[in-house]
S.K.: 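This is the structure, below, for whatever I ask next.
Letters A, B, ... are given to chains in the order of the sequence lines, protein chains preceding strands, and every chain is numbered from 1.
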Amino acid sequence: MPELPEVETVRKGLLPAMEGKLIKRADIRRPDLRWPFPEGMADRLTGARVLRLGRRSKYILADLSTGETLIIHLGMSGRMLINGLGTAEFHNNPALPGKHDHVILDMEDGTRITFNDARRFGAMDLAPTDEVEDHWLLKNLGPEPLGNRFDEAYLIGRLKGRNMPIKTALLDQRIVSGLGNIYVCEVLHRTGISPKRKAGKLSEARVATLVPAIRDVLGEAIEAGGSSLRDYRQTDGELGYFQHSFAVYDRENERCAKEGCKGIVTRVVQSGRSSFYCPTCQR
DNA sequence: ATGTGTTCCTGTCCGC
DNA sequence: TGCGGACAGGAACACA
């Protein structure tokens, strides 16, 4: 589900409810999501204060007063909801946890944070805060696309000699971290690059155009509160609205959104994932 | 080392 | 309405 803009939107929504607040009670309602929860997670969270709520790529990182950091990944369908808003069960009885409410954090001021994840591809783990960058889930992540370490020279270097399609390369979190299927499709459309083009065969000039395009698309999506297609919700249950700005994603057989282009958006499958693009203006 | 296909899980939508 | 199949914002893993 959530790519960087959605995760960042969720983090911002959680900030007032979590940062600086004490976790009064942690209810872990099943033993695992994608992987088992760490040993004694409920006890390690109970009584901890959230010192800082940060983000690395698609991971939300809650630094705790215990010296540990809670690592949260939303997978495809994960939601973090405040006071039960936005769950399917909300309309029936907001006091009862829903079927897919797997972790519930009750904060000292009475606010309830619920991790809801139907598909359970999400994950949570705890690691010492001073070693969190070396955690196995985080240590191989490429640079933040909105950070200083991500620039034209870096991307040119990383794509050099690579035989995979540019679409696949931009989805590889080791090359650049935070992009997912939606935003890669949108970035490639903006730059006029076909998703099928081999990454290592693009000219340096064309690769260079990807960097500002990635920054722009992600920045605009964050401003719009992310994209809501099926599962994604903000922490208050509200939808994001960047999906109204899609030029190609989820627009198969529709007219290309580029000014003056008469192409029709086409869907192809690459490494098992849908790519949407305009064969007329993306070459 | 690279590139590709499979797998985890539930829900929804579409065609018959 | 029911049933089967395709598909879904991710990414680790097994294998050529």
S.K.: Without placing hydrogens or testing angles, list every side-chain donor-acceptor pair under 3.5 Å for residues 12-22 of chain A, not counting sequence neighbours.
M.R.:
{"unit_1": "A:E19", "atom_1": "OE2", "unit_2": "A:L53", "atom_2": "N", "d": "2.8"}
{"unit_1": "A:K21", "atom_1": "NZ", "unit_2": "A:P16", "atom_2": "O", "d": "3.0"}

S.K.: Among B:dC9, C:dA12, C:dG10, find the nucleotide with the atom closest to the side chain of A:R120.
M.R.: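 Given the options B:dC9, C:dA12, C:dG10, the side chain of A:R120 is closest to B:dC9.
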S.K.: Between A:W35 and A:L229, which is nearer to the 5' end of DNA chain C once each is assigned its nearest nucleotide?
M.R.: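 It is A:L229, whose closest nucleotide lies nearer the 5' terminus.
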S.K.: Side chains of residues 255-270 of chain A: which donor-acceptor pairs under 3.5 Å do they make with residues two or more places apart or in other chains?
M.R.:
{"unit_1": "A:T266", "atom_1": "OG1", "unit_2": "A:I264", "atom_2": "O", "d": "3.3"}
{"unit_1": "A:R267", "atom_1": "NH1", "unit_2": "A:S274", "atom_2": "OG", "d": "2.6"}
{"unit_1": "A:Q270", "atom_1": "OE1", "unit_2": "A:S275", "atom_2": "OG", "d": "2.5"}
{"unit_1": "A:Q270", "atom_1": "NE2", "unit_2": "A:P195", "atom_2": "O", "d": "3.1"}

S.K.: So, do A:F115 and A:H102 have ring centers that fall under 6.0 Å from each other?
M.R.: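 No, they do not, as the ring centres are separated by 6.0 Å or more.
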S.K.: Base, sugar-phosphate, or nothing: which does A:G272 touch, judged by heavy atoms less than 4.0 Å apart?
M.R.: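 If one applies the 4.0 Å heavy-atom cut-off, A:G272 turns out to touch nothing in the nucleic acid.
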S.K.: Among B:dT2, C:dA8, C:dG10, which nucleotide has an atom closest to any side-chain atom of A:K58?
M.R.: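 Side chain of A:K58 sits closest to C:dG10.
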S.K.: Do the rings of A:F242 and A:Y183 sit parallel, tilted or perpendicular, given the 30° and 60° boundaries?
M.R.: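 The rings of A:F242 and A:Y183 sit tilted, inter-plane angle from 30° to 60°.
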S.K.: Look at all strands and tell whether A:T168 reaches a base, only sugar-phosphate, or nothing, counting heavy atoms closer than 4.0 Å.
M.R.: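 Result for A:T168 = nothing.
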S.K.: Rounded to the nearest 0.5 Å, what separates atom CG in A:D172 from atom CZ in A:R162?
M.R.: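 Reported value, rounded in 0.5 Å steps: 6.5 Å.
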S.K.: Quick check for you: among C:dA12, C:dA8, B:dC9, whose closest atom lies nearest to any side-chain atom of A:F121?
M.R.: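 For the A:F121 side chain, the nearest candidate turns out to be B:dC9.
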S.K.: Out of C:dG10, B:dG3, C:dA12, which nucleotide sits closest to the side chain of A:R162?
M.R.: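 Given the options C:dG10, B:dG3, C:dA12, the side chain of A:R162 is closest to B:dG3.
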S.K.: Is A:K99 near enough to B:dG11 that one of its side-chain N or O atoms lies under 4.0 angstrom from OP1 or OP2?
M.R.: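 Yes, A:K99 has a side-chain N/O under 4.0 Å of OP1/OP2 on B:dG11.
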S.K.: Distance between the P atoms of C:dC7 and B:dG5, in whole angstroms?
M.R.: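 Per the computed distance, 15 Å lies between those P atoms.
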S.K.: Between B:dG3, C:dG10, B:dC9, which nucleotide has the shortest distance from any of its atoms to the side chain of A:N163?
M.R.: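 Of the options given, the side chain of A:N163 lies nearest B:dG3.
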S.K.: Heavy atoms from C-beta onward define the side chain here; which of C:dA11, C:dA8, B:dG3 lies closest to that of A:R119?
M.R.: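 Of C:dA11, C:dA8, B:dG3, C:dA8 is nearest to the side chain of A:R119.
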S.K.: What dot-bracket string describes DNA chain C from 5' to 3', counting Watson-Crick and G-U wobble pairs whose defining distances are under 3.5 Å, with [ ] for crossing pairs and | for pairs to another strand?
M.R.: .|||||||.|||||||
S.K.: Are A:H100 and B:dT10 close enough that a side-chain N or O sits under 4.0 Å from OP1 or OP2?
M.R.: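 Checking A:H100 against B:dT10: no side-chain N or O falls below 4.0 Å of OP1 or OP2.
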S.K.: For a quick test of reading the model: is some side-chain N or O of A:R273 closer than 4.0 Å to OP1 or OP2 of C:dG10?
M.R.: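 True: A:R273 side-chain N/O within range (under 4.0 Å) of C:dG10 OP1/OP2.
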S.K.: What is the distance, to the nearest angstrom, from the CG atom on A:D172 to the P atom on C:dC13?
M.R.: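 Those two atoms, CG and P, are 15 Å apart.
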S.K.: Quick check for you: among C:dA12, B:dG11, C:dA8, whose closest atom lies nearest to any side-chain atom of A:W136?
M.R.: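 For A:W136, the side-chain atoms sit closest to C:dA12.
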S.K.: If you look at every strand shown and take non-hydrogen atoms under 4.0 Å, does A:R267 touch a base, only sugar-phosphate, or nothing?
M.R.: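 Touches sugar-phosphate only.
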S.K.: Please name the pair of heavy atoms, one in A:L4 and one in A:L146, separated by the smallest distance, quoted to 0.1 Å.
M.R.: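 Residues A:L4 and A:L146, closest heavy atoms: CD2-CD1, 4.3 Å.
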S.K.: Output the single nucleotide from B:dG11, C:dA8, C:dA11 whose closest atom is nearest the side chain of A:A118.
M.R.: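 Nearest nucleotide to the side chain: B:dG11.
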